[in-house]
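I have placed the structure first, in the form of structure tokens, so that the comments after it can refer back to it.
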Amino acid sequence: MGKRRGGRELLRGLSKKQKKHLREFGEEHPFHDRVPGRPEATQVCELSDNSDKSSVESDSETEVEQVSVYHKLLATLKTSPESESEEEEEEDESESEAEKSETEMDSEGSQESREADGGGEDQNDVPEQKEATDTAEQTLSQQQTDGIDTSCDPGHGVVEEFTDVKHESEFSLETNFMEEESGDCNADKRDGSSTQAFSEDPFKQHMDKELEEKDVEKMSTLPKTSSQSQWPRLGQVTFSSTLEKPKPLKADKEVDVKQLYLHKPLESTWPKVNKQFLSSVNKPSDAFFTPLQRELFCIMNTYRDLFYPERNALTNGEEIRHAYCLHALNHVLKANSQVLSNNAKKRNQKPGADNDDHRDQGLTRPKHLMKHMNRLPLDSHGVDFSRVRMLNLNNWCRYYRQTLLFSALQDPQVNSVFNKHCFNYMGQVAVRNVPLSGSISHVVVQLPHVFRRLEAESLTSVIDTRFQFFIDKVLPEYRDAIMSHTLIYVPSYFDYVRLRNYFKKEELNFTHICEYTKKAGVCRARRFFLKGEKQFLLFTERFHFYKRYTIKGIRNLIFYELPTYSHFYSEICNMMKATVNGVDATWTCTVLYSKYDAQKLAAVVGIERAAQMLQSKKNVHLFVTGESE
């Protein structure tokens, strides 16, 4: 009890800053630590009567005091086995001291407060302070001799990085993975063929390209021209650019490792890492990539932007991830090798010589890429502007940035990012495989599908237009009691909340299930809907995505908006066959769509039907699925 109360007394004596440090790190800041076995009195600096001393004199006194505190901190560091035993003894002493009575703690605290109030200085501590300073200087000199850099000055805020001299050379890129192709430092030793190969490296070509003002103006004002080609594995590939002429890209049939321009360590490690995706019956020419990886890497290695909307987490997700990680690591290693090579050149450069060929860095390394991408920093951050690339200084980074987008679907938002926010001067490549039949062909129940088009002036107004169209023209048709067992499929959670609030306001007989509904609530809603006690069921897409429940009792189905994933359409429609009296039931299905849902509509009904439904003067279109009796 005394130990706990004593600890509380110690907390009362700490400042807010010290308490915050104690909560975050579980210990007091080393600057304020009381070293066990070495009690020190608080040193109070009193101003003399002659208060107009020179500023130089006062600064020197402050510096001496800060250095002495730092040396005292270093004096607590022990490197020998004997010192470890001394630390254990000191810990035992500190534990025993912590168990002193409350009276001793109070008296000790009052003594410290009296000293802090100007009660004088204990002269017995002065020799011990000098001894601690001498010990710290010896420890510091010994550590510097051993090659360990521990120099830091808290008084001036200068902190140097720790350097492990013993193990640095073992993992150094400069001594192990430096390539002649990446460095340019041994250009005089290369023959003509290697020099030509280095100039053909896509990394070198992309980073050394110097745009002009007229090029930037073209990319900002002129529209992009595009061309299409058919690839064996990717399918329809669209290439678009402003600067380059539209020419169809061709896939490499075979992989030549040398033509990939991989950094030296990746050539040996990549086949081992990628072996899990390769088949044992692959040809020797296909022993490096899968067919999908080969075509993707062929595009990525040209430093063009890429959008691939057919990634599947269960099938090709991992092999795609390995391919773009290989490209990213290849870029990082080459950029790092270039910096190390230029560092070596700078060290061997004669004093006073000025060389503008060592521009290999950016302005800064942002921590949040998406928020600060391609923006000029407000501060210089101590950067050496002679090493900064001109593209960074001109604020043209966006025209050199390569963007790789992988998605499971062709979503309008992702398409907008790729079309409006990717400015790579090398151009953009997108895979555009259009569905011919659509997911409606996978509906097995006999069901009439009524697609109703709503007119919206803009993409921002389509949300309100859809809601008003639903409550004015669709919902009145289902309010009759004969239209019971109606499930309303809502892809957006925000639309779901809006409909739920409206149903409550109108006091409609409904229940609802979303991704946040607890298991008991889900069971209760499913039971009420199956028995017909609730006429409507609001059902969110994210609930179906995560749970995949089969909802029984559906007789009438309303798609408030087309599903994000096209196969969800057939899955929801096929739930109707779970109804017990499905043979005698009359089922209906109503779908709302607008011209801004062109891609989702094509994924459901097919590209040809979608084009007719969007261009037709009719606003209602009917499809019937399933076999007739």
>> To the closest 0.5 Å, what do you measure between NE2 (His331) and CG (Leu329)?
In response: 11.0 Å
>> Under the salt bridge (Lys or Arg N to Asp or Glu O under 4.0 Å) definition, can you give me all pairs with a residue in residues 442-461, not counting sequence neighbours?
In response: Arg452-Glu477, Arg453-Glu455
> Any side-chain heavy-atom pair from Pro265 and Leu333 closer than 4.5 angstrom?
Replying inline: yes
> Side chains of His327 and Gln402: do they bring a donor and an acceptor to under 3.5 Å?
Replying inline: yes
> Do the two ring centres, one from Phe289 and one from Trp270, sit under 6.0 Å apart?
Replying inline: yes
> If every non-hydrogen atom of Phe418 is compared with every non-hydrogen atom of Leu306, which pair is closest and at what distance?
Replying inline: CE1-C, 3.7 Å
> For the side chain to side chain contact (heavy atoms under 4.5 Å, CB included) test, which of Pro435, Ser570, Ser441, Ser439 pairs with Val604?
Replying inline: Ser439
> Of all residues at least two apart in sequence or in a different chain, which pass the ring pair (Phe, Tyr, Trp, His ring centres under 6.0 Å) check with Phe568?
Replying inline: His544, Tyr565
> Under 3.5 Å, side chain of Arg359 to main-chain N/O of Phe385, donor-acceptor pair present?
Replying inline: yes
> Can Ser492 and Glu561 be counted as having a side-chain donor-acceptor contact under 3.5 angstrom?
Replying inline: no
> Which heavy atom in Ser337 sits nearest to a heavy atom in His263, and how many Å separate them?
Replying inline: OG-NE2, 2.9 Å
> Less than 4.5 Å apart, any side-chain heavy atom of Leu454 and any of Val462?
Replying inline: yes
>> Quick check: do Arg304 and Gln428 have side-chain heavy atoms less than 4.5 Å from each other?
In response: no
> What do you reckon, is CZ of Arg466 surrounded by more than 12 foreign heavy atoms closer than 6.0 Å?
Replying inline: yes
> Could you go step by step and tell me if Glu318 and Arg321 meet the salt bridge (charged side-chain N to carboxylate O under 4.0 Å, His left out) rule?
Replying inline: CA-CA 5 Å; Glu318 281 301 302; Arg321 185 172 67 88; 2.6 Å; yes
> Within the side chain of Thr625, is there an N or O that forms a donor-acceptor pair under 3.5 Å with the backbone of Val444?
Replying inline: no
> Does any N or O in the side chain of Asp215 come within less than 3.5 Å of the main-chain N or O of Leu243, such that one atom is a donor and the other an acceptor?
Replying inline: no
> When you look at NZ of Lys224, are more than 12 heavy atoms from neighbouring residues, nucleotides or ligands closer to it than 6.0 Å?
Replying inline: yes
>> With heavy-atom distances below 4.5 Å as the criterion, would you say the side chains of Val431 and Thr238 are in contact?
In response: no
> Taking all non-hydrogen atoms of both residues, which atom of Gly427 and which atom of Phe239 are closest, and how far apart?
Replying inline: CA-CE1, 4.3 Å
> Within the side chain of Gln228, is there an N or O that forms a donor-acceptor pair under 3.5 Å with the backbone of Gln236?
Replying inline: no
> Hey, are Gln361 and Asn342 close enough side-chain-wise for a donor-acceptor pair under 3.5 Å?
Replying inline: no
>> Please verify the inter-ring angle class for Phe503 with Phe510; under 30° counts as parallel, over 60° as perpendicular, anything in between as tilted.
In response: perpendicular
>> Set out, in order, the CA-CA distance, both residues' side-chain angles and the distance that settles side-chain contact (heavy atoms from CB on, under 4.5 Å) for Tyr308 and Ile320, then state yes or no.
In response: CA-CA 10 Å; Tyr308 181 73; Ile320 293 175; 3.5 Å; yes
>> Tell me the closest heavy-atom pair linking Val443 and Asn574, and the distance in Å.
In response: CA-OD1, 3.5 Å
> Would a distance-only check, ignoring hydrogens and angles, find a side-chain to backbone donor-acceptor pair under 3.5 Å from Tyr593 to Met613?
Replying inline: yes
>> If you apply the rule ring pair (Phe, Tyr, Trp, His ring centres under 6.0 Å), what do you find for His449 with Tyr569, and how did you get there?
In response: CA-CA 11 Å; His449 305 259; Tyr569 184 87; 5.7 Å; yes
> Hey, does Phe297 have a side-chain heavy atom less than 4.5 Å from the side chain of Leu262?
Replying inline: yes
>> Could you measure the distance from the CG atom of Leu601 to the NE2 atom of His621? Nearest 0.5 Å is fine.
In response: 9.0 Å
>> Quick check: closest heavy atoms across Thr540 and Cys514, and the distance to 0.1 Å?
In response: OG1-CA, 3.3 Å
>> As an exercise, state the distance from CD1 of Ile551 to CG of Leu557, rounded to the nearest 0.5 Å.
In response: 11.5 Å
>> I'd like to check Thr550 versus Lys577 (side-chain heavy atoms, cut-off strictly below 4.5 Å). Are they in contact?
In response: no
> Under 6.0 Å from the CD atom of Glu608, do we count more than 12 heavy atoms belonging to anything else shown?
Replying inline: no
>> Could you walk me through whether His512 and Tyr496 satisfy the side-chain contact (heavy atoms from CB on, under 4.5 Å) test, starting with their C-alpha distance in whole Å, then the side-chain angles of each, then the deciding distance to 0.1 Å, before giving a yes or no?
In response: CA-CA 9 Å; His512 51 87; Tyr496 160 80; 3.0 Å; yes
>> Is it the case that the ring center of Tyr489 lies less than 6.0 angstrom away from the ring center of Phe559?
In response: yes
> Distance from Lys204 atom NZ to Asp208 atom CG, nearest 0.5 Å?
Replying inline: 4.0 Å
> When the aromatic ring centroids of Phe536 and Tyr478 are compared, is their separation below 6.0 Å?
Replying inline: no
>> Side chains of Lys334 and Leu266, heavy atoms from C-beta outward: is any pair under 4.5 Å?
In response: no
> For atom CD of Gln230, is the number of surrounding heavy atoms from other residues, nucleotides or ligands below 6.0 Å larger than 12?
Replying inline: yes
>> Could you check whether any side-chain heavy atom of Phe494 comes within less than 4.5 Å of a side-chain heavy atom of Ile463, counting everything from C-beta outward?
In response: no
> Just by distance, do the side chain of Asn336 and the backbone of Val332 share a donor-acceptor pair under 3.5 Å?
Replying inline: no
>> For Leu475 and Tyr502: C-alpha separation, side-chain torsions, deciding distance, then whether side-chain contact (heavy atoms from CB on, under 4.5 Å) applies.
In response: CA-CA 12 Å; Leu475 188 60; Tyr502 176 81; 3.8 Å; yes
> Does any N or O in the side chain of Asn330 come within less than 3.5 Å of the main-chain N or O of Leu326, such that one atom is a donor and the other an acceptor?
Replying inline: no
> Without hydrogens or angle criteria, can the side chains of Glu200 and Tyr261 be said to hold a donor-acceptor pair below 3.5 Å?
Replying inline: yes
>> Treating Asp411 as the side-chain partner and Thr564 as the backbone partner, does any N or O pair qualify as donor plus acceptor under 3.5 Å?
In response: no
> Once you round to the nearest 0.5 Å, how far does OG of Ser566 lie from CD of Gln410?
Replying inline: 11.0 Å
> Relative to the ring of Tyr560, is the ring of Phe470 parallel (under 30°), tilted (30 to 60°) or perpendicular (over 60°)?
Replying inline: perpendicular
>> Check for me whether Arg542 meets the cation-pi criterion with Tyr493, that is, NZ or CZ under 6.0 Å from the six-membered ring centre and within 45 degrees of the ring axis.
In response: no
> Which word best sums up how the rings of Tyr425 and Tyr400 line up, parallel for under 30°, tilted for 30 to 60°, or perpendicular for over 60°?
Replying inline: perpendicular
>> Determine whether a donor-acceptor pair (N or O, by modelled atom type, separation under 3.5 Å) exists between the side chain of Glu319 and the backbone of Phe277.
In response: no
>> Closer than 3.5 angstrom, by distance alone: can the side chain of Thr225 be matched with the main-chain N or O of Ser241 as a donor-acceptor pair?
In response: yes
>> Nearest 0.5 Å, please: how far is CG in Leu296 from CZ in Arg311?
In response: 12.0 Å
> Out of Asn433, Thr315, Asn316, which one pairs with Glu310 under the side-chain hydrogen bond (donor to acceptor under 3.5 Å, both in side chains) rule?
Replying inline: Asn433
>> I'd like to know whether Glu210 forms a side-chain contact (heavy atoms from CB on, under 4.5 Å) with Met390, so could you lay out the CA-CA distance, the side-chain angles of the two residues, the decisive distance to 0.1 Å, and finally the verdict.
In response: CA-CA 8 Å; Glu210 293 188 5; Met390 293 305 300; 5.6 Å; no
>> Minimum heavy-atom separation for Val591 and Cys589, please, with both atom names.
In response: CG2-SG, 4.1 Å
